[in-house]
Amino acid sequence: MLYELGMLFAIGGLIFKIFPPKKINGVYGYRTNTSMKNQDTWKVAQKYSANSMIILGIVCIVLGFILNQLIKNVNIGYQGIIVLIGVIAMLILDEVHLKKVFNKDGSRK
């Protein structure tokens with residue numbers, strides 16, 4: 001499961017990197033209050049989140065491979081917890097990056 005989800009994250013990140021959403025929308029892209037403040041925050045958020053998604057995917061792939069070599073039958077619950085922690089870390093890092101680049105009103109620092 002971990003390996004497969006890692007592949008999905010990596011492929012999804014590549015898709016977002018190659019075909020980022022151009023305009024703010026409620027369907028496709030990295031959508032948070034901070035990222036949707038204006039077009040500038042949107043563009044930066046899409047680029048940064050695509051990269052962090054690719055990194056999360058690679059980390060999950062490597063961890064999945066290592067865990068499958070060390071422990072043949074890794075509990076699916078543990079794998080789910082690892083992915084959940086990774087997603088939360090990715091979201092926090094993305095938001096921290098946006099807060100470093102932009103003020104609360106969406107203007108650049």
Side-chain angles (χ1 to χ4, degrees):
M1 175 179 139
L2 193 55
Y3 178 81
E4 292 85 358
L5 284 174
M7 292 295 288
L8 285 174
F9 277 111
I11 291 168
L14 285 172
I15 290 170
F16 283 138
K17 192 172 186 71
I18 296 168
F19 304 106
K22 304 292 184 213
K23 296 181 182 176
I24 298 171
N25 68 79
V27 179
Y28 177 64
Y30 180 77
R31 300 173 316 275
T32 63
N33 288 336
T34 308
S35 70
M36 297 173 79
K37 292 236 183 244
N38 59 49
Q39 195 60 41
D40 194 20
T41 58
W42 180 255
K43 185 177 177 183
V44 170
Q46 301 317 306
K47 185 175 184 178
Y48 194 84
S49 66
N51 290 332
S52 62
M53 227 173 142
I54 293 168
I55 291 167
L56 175 62
I58 292 168
V59 168
C60 285
I61 291 167
V62 170
L63 275 176
F65 179 76
I66 291 170
L67 287 175
N68 283 334
Q69 295 303 313
L70 296 176
I71 307 167
K72 295 299 178 195
N73 293 321
V74 180
N75 185 316
I76 196 164
Y78 292 133
Q79 293 181 47
I81 290 170
I82 291 169
V83 170
L84 181 62
I85 290 169
V87 168
I88 291 170
M90 180 183 71
L91 292 171
I92 290 170
L93 291 172
D94 291 351
E95 289 300 306
V96 166
H97 175 73
L98 290 175
K99 289 183 189 326
K100 284 181 183 176
V101 175
F102 296 101
N103 294 311
K104 286 187 178 190
D105 66 353
S107 62
R108 283 192 180 259
K109 290 187 175 182

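We use all heavy atoms of the structure for the numbers below, so side chains are in, but hydrogens, waters and symmetry mates are not.
Remark: T41 OG1 to N33 CG distance equals 10.5 Å, nearest 0.5 Å. Between K43 atom NZ and Q39 atom CD the span is 8.5 Å, to the nearest 0.5 Å.
Sequence neighbours left out, the pairs with a member in residues 21-30 that pass side chain to side chain donor-acceptor pair (under 3.5 Å) are Y30-E95. For residues 100-109, every residue pair satisfying the salt bridge (charged side-chain N to carboxylate O under 4.0 Å, His left out) rule, not counting sequence neighbours, is listed here: D40-R108. Counting only residues at least two apart or in different chains, ring-ring contact (aromatic ring centres under 6.0 Å, His included) contacts with residues 84-109 comprise Y48-H97. The list of side chain to side chain donor-acceptor pair (under 3.5 Å) pairs with a residue in residues 80-89, not counting sequence neighbours, is empty.
Linking ILVMFWY residues whenever their side-chain heavy atoms come closer than 4.5 Å, directly or via other members, leaves L93 and I55 in distinct clusters. Taking hydrophobic clusters as Ile, Leu, Val, Met, Phe, Trp and Tyr residues chained together by side-chain heavy-atom distances below 4.5 Å, V83 shares a cluster with L63. Under a hydrophobic clustering in which Ile, Leu, Val, Met, Phe, Trp and Tyr are joined whenever their side-chain heavy atoms come within less than 4.5 Å, directly or via other members, V87 and V59 fall into the same cluster. Under the 4.5 Å side-chain heavy-atom criterion for Ile, Leu, Val, Met, Phe, Trp and Tyr, Y78 and I61 are members of distinct hydrophobic clusters.
Q46 contributes no side-chain N or O that, together with a main-chain N or O of P21, makes up a donor-acceptor pair within less than 3.5 Å. In this structure, N103 contributes its side chain and G106 its backbone to no donor-acceptor pair below 3.5 Å.
With sequence neighbours left out, I58 forms a side chain to side chain contact (heavy atoms under 4.5 Å, CB included) with I54, V62. Under the side chain to side chain contact (heavy atoms under 4.5 Å, CB included) criterion, M36 pairs with I24, R31, W42, not counting sequence neighbours. With sequence neighbours left out, S49 forms a side-chain hydrogen bond (donor to acceptor under 3.5 Å, both in side chains) with no residue at all.
Between L98 and S35, some side-chain heavy-atom pair lies under the 4.5 Å cut-off. No side-chain heavy atom of N68 sits less than 4.5 Å from a side-chain heavy atom of L2.
Residue I85 belongs to a hydrophobic cluster whose other members are I81, with links defined by side-chain heavy atoms closer than 4.5 Å. Its side chain within the 4.5 Å cluster rule, I92 clusters with L84, I88, V96 among the Ile, Leu, Val, Met, Phe, Trp and Tyr residues.
Counting all heavy atoms, side chain and backbone alike, L56 lies closest to G86 at CD1-CA, 3.7 Å.
Enclosure of atom CD1 in I76 is not indicated, since only 12 or fewer non-hydrogen atoms of other residues, nucleotides or ligands lie within 6.0 angstrom.
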Throw together a table of side-chain donor-acceptor distances under 3.5 angstrom for residues 4-17, partners on residues two or more places apart or in other chains.
unit_1 : atom_1 : unit_2 : atom_2 : d
E4     : OE1    : M1     : N      : 2.7
K17    : NZ     : N51    : OD1    : 2.6

